[in-house]
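Some notes on the structure that comes next.
Whatever order the structure lists them in is the order used to number ligands and atoms, beginning at 1.
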Amino acid sequence: MFVHLTKQTTFLVRVRLFNKRTNTNELPAERFTNCSPNVWFVWTYFYILPICLLYLPSIETHKDSLRISFEDIRLATQNFKTKIGRGRHGNVYQGEVLGVNGPTRIAVKQYGENDDYDEDGEKEFLTELEILFEYKHENIIGLIGYCNEDNKKFLVYEHAPNGGLDCHVDNDNLTWTKRLKIGIDVAIGLDFLHGGDSPVIHRGIKSYSILLNGDWKAKITDVGFSLIASINDEIDFVVHKAAYGTPGYVDPQYRKSSFLTRESDIYSLGVVLCEMMCGRTAYSYVISMDEPRNDLADLVKRHYEEGKVDELVFKGIKDQIVPKSMVAFLKIAYECLYDEREKRPKASEVVLQLKKALEFQEDIEIWEAKLPKDYKEIIHMSKTPEIYSNLSNKDLCEKFSKGILLQNGKTCLSVKVNGDGERSETVSATLFSYENNKLHNKRISIPNSR
Ligand SMILES: Nc1ncnc2c1ncn2[C@@H]1O[C@H](COP(=O)(O)OP(=O)(O)OP(=O)(O)O)[C@@H](O)[C@H]1O
């Protein structure tokens with residue numbers, strides 16, 4: 001808790017100072033040089049110094065609470081017994097630590113194991129540490145700790161038991177609904193990185209950098225190449241000398257110009273959406289042929305424009321996809337891949353459109369199954385069938401649970417489905433009279449009469 005608070009405070013200070021700088025036309029240095037000595041004194045002793053004294057110790061030591069000794073890393077991984085992956089700079093091992101809720105699985109990524117670990121590798125290690133420490137979100141892989149002892153460098157993450165998305169794109173068990181939810185998770189994670197006063201451009205979004213936990217929740221990882229960009233309302237790109245990225249995923253505009261924007265990540269997100277639809281990684285397309293290089297994004301775009309995407313959809317999931325869901329999905333995936341950056345949607349828009357695609361899918365998969373088998377006939381018998389014609393199945397379920405009036409309003413049919421899928425149907429007559437009965441027009445419910 002203490003660690004968390006300290007982190008928040010340092011981050012806030014940084015943001016405030018940053019805001020001050022961007023909200024005025026003059027730079028802080030200019031402001032100071034224009035000041036009289038008295039103003040200097042006031043600024044230094046009453047404003048800057050107290051802030052520094054208050055916060056500097058925490059800025060310097062705020063990550064220390066996450067420091068783990070090499071010995072503890074060795075113990076947690078049982079002397080590096082179980083290797084679960086291989087990164088660019090070394091292996092990834094599984095381990096276990098004792099958390100507040102009992103034993104917790106961890107993943108330990110080693111840096112500096114390979115001979116080619118150099119200044120760039122070190123920078124990657126520090127960037128990943130910095131970003132994962134500052135930017136915490138349920139769709140970004142959680143940082144548990146780190147070790148930085150001489151040449152022993154490790155990052156310790158929450159464990160994602162289902163591994164990388166790349167291993168599951170051709171898995172029949174990863175249903176269309178799960179794929180949509182993964183897409184939504186990734187877009188939410190990106191929206192979080194892109195938003196705020198110090199946006200982060202990931203630069204390496206691909207199925208390999210998306211991990212899946214036990215509930216198939218997606219977690220963005222591999223932030224070692226990310227940039228904390230000085231992007232704001234006026235500046236919307238940063239120039240980065242050499243375009244970095246895995247072939248098949250890199251924004252063509254970034255590759256050409258070295259101008260990097262948030263929309264470069266959106267392009268890569270579009271590629272990931274295509275991978276999930278086609279059941280193949282973009283990288284596998286790149287390496288499948290030498291000449292000409294086959295690009296998954298180009299392939300999908302071409303097929304979309306010719307109305308032939310059907311040919312590319314992964315066979316393992318094709319039959320389950322609701323057409324309306326596919327239409328909504330394809331539209332937003334295609335927009336992410338626009339050549340013109342300014343036409344690409346923001347991550348928040350991708351979230352919105354993918355949620356619509358999911359709604360269409362669930363409307364058939366979940367809600368239609370809850371309706372009575374003869375629901376169309378029942379609606380036809382109702383007093384006003386036209387008001388039901390444009391409703392989604394979810395809304396129809398709600399109408400049915402409240403009750404639908406039939407036979408000129410004389411009978412009310414209601415169908416309720418509880419959480420376990422158990423259904424109870426009730427028919428009640430609105431007009432009910434007995435001979436010699438005093439209680440005329442009494443509404444009587446006849447439970448389970450159908
Ligand atoms: N938190 C984790 N939980 C489970 N498995 C993980 C975790 N982190 C990494 N792995 C496994 O280790 C592999 C390599 O890790 P990672 O992709 O982070 O390394 P990298 O150095 O960034 O490699 P690259 O950039 O070449 O993909 C992953 O594909 C995954 O299988």
Taking [X] first and then [Y], would you say they form a salt bridge - that is, a charged N and a carboxylate O separated by under 4.0 Å?
X: Lys123; Y: Glu119; result: no
X: Glu158; Y: Lys219; result: yes
X: Lys343; Y: Glu263; result: no

Looking only at distances, please establish whether an N/O atom of ligand 1 is found under 3.5 Å from an N/O atom of [X].
X: Glu158; value: yes
X: Asp222; value: yes
X: His159; value: no

*Nearest protein heavy atom to atom 10 (N) of ligand 1, by residue and atom, and its distance?*
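Looking at atom 10 (N) of ligand 1, the protein heavy atom closest to it is Val92 CG1, 3.8 Å.
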
*Nearest protein heavy-atom contact for atom 14 (C) of ligand 1: which residue, which atom, what distance?*
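Answer, as residue, atom name and distance: Arg86 O, 3.4 Å.
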
*asked:* Looking at atom 4 (C) of ligand 1, tell me if a protein heavy atom falls under 4.0 Å from it.
replied: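 True for atom 4 (C) of ligand 1.
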
*Measuring to protein heavy atoms, does anything land under 4.0 Å from atom 29 (O) of ligand 1?*
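Under 4.0 Å from atom 29 (O) of ligand 1, zero protein heavy atoms found.
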
*asked:* For Tyr111, does the six-membered ring have the charged nitrogen or CZ of Lys153 within the cation-pi criterion, i.e. under 6.0 angstrom from the centroid and within 45° of the normal?
replied: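 Verdict for Tyr111: no cation-pi partner in Lys153.
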
*Result of checking Arg255, Lys301, Arg344 against Asp339 for salt bridge (charged side-chain N to carboxylate O under 4.0 Å, His left out)*: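 Answer after filtering Arg255, Lys301, Arg344: Lys301.
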
*Considering Ile106, Val223, Ile84, Val156, which one's heavy-atom position lies nearest to atom 31 (O) of ligand 1?*
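The nearest heavy atom belongs to Ile84.
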
*Residue selection (non-hydrogen contact nearest atom 19 (O) of ligand 1) among Gly87, Gly121, Cys167*: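 Comparing heavy atoms across Gly87, Gly121, Cys167, the nearest one to atom 19 (O) of ligand 1 lies in Gly87.
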
For ligand 1, which atoms sit closer than 4.0 Å to a heavy atom of [X]?
X: Ala107; answer: 1 (N), 2 (C), 3 (N), 7 (C)
X: Arg88; answer: 20 (P), 21 (O), 23 (O), 24 (P), 25 (O), 26 (O)
X: Tyr157; answer: 1 (N)

Classify the contact between [X] and ligand 1 as side chain, backbone, both or neither, using a heavy-atom distance cut-off of under 4.0 Å.
X: Lys109; answer: side chain
X: Leu211; answer: side chain
X: Ala160; answer: both

_Spacing of CG belonging to Leu180 relative to CD belonging to Gln353, to within rounding of 0.5 Å_ =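 Rounded to the nearest 0.5 Å, the CG-CD separation comes out at 12.5 Å.
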
*What's the spacing between Arg74 CZ and Asn79 CG if we round to 0.5 Å?*
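Answer rounded to 0.5 Å: 5.0 Å.
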
*List the steps, then state whether salt bridge (Lys or Arg N to Asp or Glu O under 4.0 Å) holds for Asp222 with Lys109.*
CA-CA 11 Å; Asp222 275 355; Lys109 183 150 94 179; 3.4 Å; yes

*Audit row: Asn91, Tyr93, side-chain hydrogen bond (donor to acceptor under 3.5 Å, both in side chains) steps and yes/no*: CA-CA 6 Å; Asn91 291 327; Tyr93 301 92; 3.1 Å; yes

*Would you call Lys219 a ligand 1 contact, heavy-atom distance under 4.0 Å?*
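It does not; every heavy atom stays at 4.0 Å or beyond.
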
_For Leu190, run the side-chain contact (heavy atoms from CB on, under 4.5 Å) check against Asp185, Ile201, Leu269 and tell me which one passes._
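One option only clears the test, and that one is Leu269.
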
